[in-house]
Amino acid sequence: MPQDAAIATNLAAIRDRIAEACRRANRQPEEVTLVAVSKTHPQDAVVAALAAGQMVFGENRVQEATAKFPPLRAAHPGLRLHIIGGLQTNKARDAVRVADVIESIDRPKLAAAIAEAMVKENRRPDCLVQVNTGDEAQKAGVPRAEADAFIRAAREEYGLPVTGLMCIPPVEDDPRPHFAYLRELAARHGLPVLSMGMSADFEAAIAEGATLVRVGTAIFGSRPAA
Ligand SMILES: *Cc1c(COP(=O)(O)O)cnc(C)c1O
């Protein structure tokens, strides 16, 4: 099957599965936005997804996002780009320039850099706080014990437009308790956006209240090993 047709077919299948997961959870499909994660895939793959009606994309590297997405915006004014990967502070300004949503705010230094970049760029992408729900040493995200204080600081001290939370549960765990924890944390802070669920677990995430699901492999195929 040609690549473009495969992407369109995969997108249709994922949308069906999202609708079915919503039905089972007594939720409306409109409550869940599919973020198509196009990292490592060429711009042609994004163009094919756009042709199939997909308007929201995720990239984990700012440099790759900047190469692929700005040229597409003129022809697709509704395009929305989420930065979903760990961010270095020296990439804050580029991230603010290219993104509509930054999903990976996870430490005071980064919050400060993003806040400063927003002033310089006169642009305010929505922000999500990434929570390291498994408290994994290698993983980005604010540790559980610091989450409440950091969410408050991101909003009040740094003045970021925080709309919600994001997590990536440990691969070896049942993701449901992690998703439930994130939902309760967001509710405590009155945050409406919950970014959780990837190719392998987005249906479980929808059952636990996800409003953004980040799906890469199931749409664009496998990526080269990192
Ligand atoms: C790559 C990535 C995804 C997509 O993962 P798949 O398993 O390919 O669906 C989702 N979220 C983040 C943060 C990622 O880096």
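Both ligands and their constituent atoms are indexed starting at 1 by order of listing.
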Shortest protein heavy-atom distance from atom 12 (C) of ligand 1, along with the residue and atom involved: Ile84 CD1, 3.5 Å
Proximal atoms of ligand 1 relative to Ile168 (non-hydrogen, under 4.0 Å): 13 (C)
Sidechain-backbone polar pair: Arg123 side chain, Ala99 backbone, donor-acceptor under 3.5 Å: yes
Part of Glu103 within contact of ligand 1 (heavy atoms, under 4.0 Å): neither
Any donor-acceptor pair under 3.5 Å from Asp100 side chain to Leu81 backbone: yes
Identity and distance of the protein heavy atom lying nearest atom 10 (C) of ligand 1: Met198 SD, 3.2 Å
Pairwise side-chain contact, Phe69 with Ser38, heavy-atom cut-off 4.5 Å (strictly under): yes
Test item: Glu208 side-chain N/O and Leu182 main-chain N/O as donor-acceptor pair under 3.5 Å: no
Short side-chain to backbone donor-acceptor contact, Glu103 and Leu128, under 3.5 Å: no
Nearest non-hydrogen partners of Ala154 and Val129, listed with the distance: CB-CG2, 4.4 Å
Distance-only N or O hit between ligand 1 and Val215, under 3.5 Å: no
Contacting atoms of ligand 1, where contact means under 4.0 angstrom from a heavy atom of Thr217: 6 (P), 7 (O), 8 (O), 9 (O)
Shortest reach to atom 6 (P) of ligand 1 by a heavy atom, considering only Ser199, Ser222, Ala200: Ser199
Short N or O distance, Lys39 and ligand 1, threshold 3.5 Å exclusive: yes
Atoms of ligand 1 close to Gly216 [distance to a heavy atom under 4.0 angstrom, numbered from 1]: 4 (C), 6 (P), 8 (O), 9 (O)
Gln138 CD: over 12 foreign heavy atoms closer than 6.0 Å: no
For Arg214, atoms of ligand 1 separated by under 4.0 Å from a heavy atom: 4 (C), 9 (O), 10 (C), 11 (N), 12 (C), 13 (C)
